[in-house]
Amino acid sequence: MQLLTLIMRTIWLMLPSYTPNNFAVIFGGGKPIDLGKNFIDGRRILGNGKTYRGMIAGVLGGLIVAHCEFLIEKLFNFHIFTTLSYLEFLKLAFVLSFGSILGDCFGSFIKRRFGVERGEKFPILDQYDFLLVSLFLAWLFCRKQFQSLFTFDVIIVAFILTPILHRLVNIIAYKLGLKDVPW
Ligand code: CTP
Ligand code: MG
């Protein structure tokens with residue numbers, strides 16, 4: 001497969017995992033998931049940056065994006081997600097979106113344990129937490145879909161591309177005033 005096609009295909013496949021955190025940034029806020037509680041080390045479990053509203057908006061946002069992709073494939077007659085049955089697709093879309101938000105929360109949990117405050121950067125973890133958990137859950141719960149779509153080349157490209165896209169999107173979100181810091 002041509003490199004450019006592979007890159008486009010990878011981004012297309014990863015969009016339900018890439019987009020939830022952007023929806024969380026836009027629509028998040030309010031009650032924190034950890035309810036303001038501390039962990040045994042006296043630091044916050046997750047911190048104020050992980051909220052219920054962000055979580056719900058993130059998962060719904062990812063599902064909406066995935067459905068748009070499904071419709072676009074049908075409309076323009078190219079088949080990636082539409083090689084799956086609708087139910088297989090729905091399950092995969094949910095697992096990727098939910099896994100992305102869960103991974104982001106897990107990343108914050110680790111950050112707090114290292115004493116890294118909310119919003120401070122933690123290279124590598126910030127870029128890969130959501131991707132790793134998304135892909136792991138897809139492998140765990142949607143084995144058939146995972147094996148047919150997330151081929152080895154796609155995963156390699158996803159790992160190379162993700163930090164670049166992550167950086168780019170966060171700089172844009174910062175310039176738009178959606179995020180306080182450009183990471
Ligand atoms: N957000 C949210 N709920 C989530 C995830 C994100 O409300 N589950 C919102 C918060 O307003 C958060 C912003 O999106 O501040 C940016 O997300 P992120 O960079 O993941 O959080 P940080 O504030 O940087 O916190 P952390 O250090 O824990 O990553
Ligand atoms: Mg952050």
Side-chain angles (χ1 to χ4, degrees), residues 6-35 45-47 49-111 125-159 161-163 165-166 169-170 173 178:
L6 178 61
I7 290 174
M8 305 274 276
R9 185 184 167 83
T10 303
I11 295 175
W12 189 257
L13 279 167
M14 294 310 300
L15 276 182
S17 167
Y18 283 156
T19 48
N21 289 299
N22 304 112
F23 284 95
V25 171
I26 297 170
F27 299 106
K31 194 183 253 188
I33 295 171
D34 66 7
L35 302 171
I45 303 175
L46 301 175
K50 303 295 115 131
T51 66
Y52 283 102
R53 221 165 66 205
M55 182 168 76
I56 292 164
V59 175
L60 286 180
L63 279 173
I64 291 170
V65 167
H67 278 80
C68 291
E69 295 186 85
F70 199 80
L71 286 179
I72 291 170
E73 285 183 25
K74 282 207 182 291
L75 221 60
F76 292 93
N77 205 29
F78 67 99
H79 298 288
I80 298 174
F81 286 116
T82 45
T83 55
L84 307 171
S85 74
Y86 176 68
L87 272 182
E88 288 170 344
F89 156 76
L90 186 64
K91 194 174 162 199
L92 178 68
F94 177 78
V95 165
L96 287 174
S97 304
F98 181 73
S100 169
I101 292 290
L102 192 71
D104 180 51
C105 289
F106 179 67
S108 293
F109 178 78
I110 303 283
K111 282 169 83 171
L125 192 69
D126 276 336
Q127 287 85 18
Y128 285 113
D129 51 9
F130 69 95
L131 179 75
L132 278 170
V133 175
S134 248
L135 289 177
F136 177 66
L137 291 191
W139 175 79
L140 197 62
F141 294 114
C142 306
R143 191 69 54 91
K144 184 177 163 241
Q145 297 93 310
F146 186 87
Q147 282 173 343
S148 76
L149 295 176
F150 293 88
T151 45
F152 188 65
D153 50 354
V154 165
I155 292 182
I156 297 289
V157 171
F159 271 84
L161 223 59
T162 300
L165 289 175
H166 189 269
V169 169
N170 283 328
L178 294 170

Under the salt bridge (charged side-chain N to carboxylate O under 4.0 Å, His left out) test, which residues partner K74, sequence neighbours left out?
-> none

Atom CD1 of I72 and atom CZ of F78: how far apart are they, to the nearest 0.5 Å?
-> 6.5 Å

Partners of E69 by side-chain hydrogen bond (donor to acceptor under 3.5 Å, both in side chains), sequence neighbours excluded?
-> none

For S148 and L84 the tightest heavy-atom approach is OG-CD2, 4.1 Å

Can you tell me which residue pairs pass the salt bridge (charged side-chain N to carboxylate O under 4.0 Å, His left out) test with a partner in residues 142-151, sequence neighbours excluded?
-> E88-K144

With Y86, which residues qualify under side chain to side chain contact (heavy atoms under 4.5 Å, CB included), at least two apart?
-> H67, F70, F89, L90

Start with the C-alpha distance between N170 and D126, add both sets of side-chain angles, then the distance that settles side chain to side chain contact (heavy atoms under 4.5 Å, CB included), and finish with yes or no.
-> CA-CA 11 Å; N170 283 328; D126 276 336; over 6 Å; no

Which residues pass the ring pair (Phe, Tyr, Trp, His ring centres under 6.0 Å) test with F141, sequence neighbours left out?
-> none

Residue list, side-chain hydrogen bond (donor to acceptor under 3.5 Å, both in side chains) with T83, at least two apart or on another chain | none

Considering all heavy atoms of both residues, which atom of F130 and which atom of H166 are nearest to each other, and what is their separation?
-> CE2-CD2, 3.8 Å

Which atom names give the shortest non-hydrogen contact between G107 and D129, and what distance separates them?
-> CA-OD2, 3.3 Å

From L102 CG over to S97 OG, what is the distance, rounded to the nearest 0.5 angstrom?
-> 12.0 Å

Hey, can you pull the donor-acceptor pairs under 3.5 Å for the side chains in residues 18-33, sequence neighbours left out?
residue, atom, partner, partner atom, Å
Y18, OH, T162, OG1, 2.8
T19, OG1, L15, O, 2.7
N21, ND2, S100, OG, 3.2

Sequence-distant partners of F109, ring pair (Phe, Tyr, Trp, His ring centres under 6.0 Å), two or more places apart = F39

Non-neighbouring partners of Y52 that pass ring pair (Phe, Tyr, Trp, His ring centres under 6.0 Å), sequence neighbours left out = none

Identify, with sequence neighbours excluded, every residue that meets side chain to side chain contact (heavy atoms under 4.5 Å, CB included) alongside F94.
-> V59, L63, F98

Shortest non-hydrogen contact from L13 toward L149 = CD1-O, 3.5 Å

When rounded to the nearest 0.5 angstrom, what is the spacing between CD1 in I156 and CG in L161?
-> 12.5 Å

Say you draw a straight line from CD1 of I155 to CG of L131; how long is it, rounded to the nearest 0.5 Å?
-> 9.0 Å

Minimum heavy-atom distance L92-A138, with the two atoms named = CD1-CB, 4.0 Å

Which residue, F136, F106, F159, forms the ring pair (Phe, Tyr, Trp, His ring centres under 6.0 Å) with Y128?
-> F159

About how many Å separate CG of L125 and CD of Q127, when rounded to the nearest 0.5 Å?
-> 8.5 Å

Once you round to the nearest 0.5 Å, how far does CG of L140 lie from CG of L135?
-> 12.5 Å

Does T10 have any side chain to side chain contact (heavy atoms under 4.5 Å, CB included) partners at least two apart in sequence or in another chain, and if so, which?
-> L6, M14, V154, V157, A158

Side-chain contact test, heavy atoms from C-beta onward, threshold under 4.5 Å: evaluate it for L96 versus F150 and give yes or no.
-> yes

Taking only residues two or more places apart in sequence or in another chain, which ones pass salt bridge (charged side-chain N to carboxylate O under 4.0 Å, His left out) with D104?
-> K50

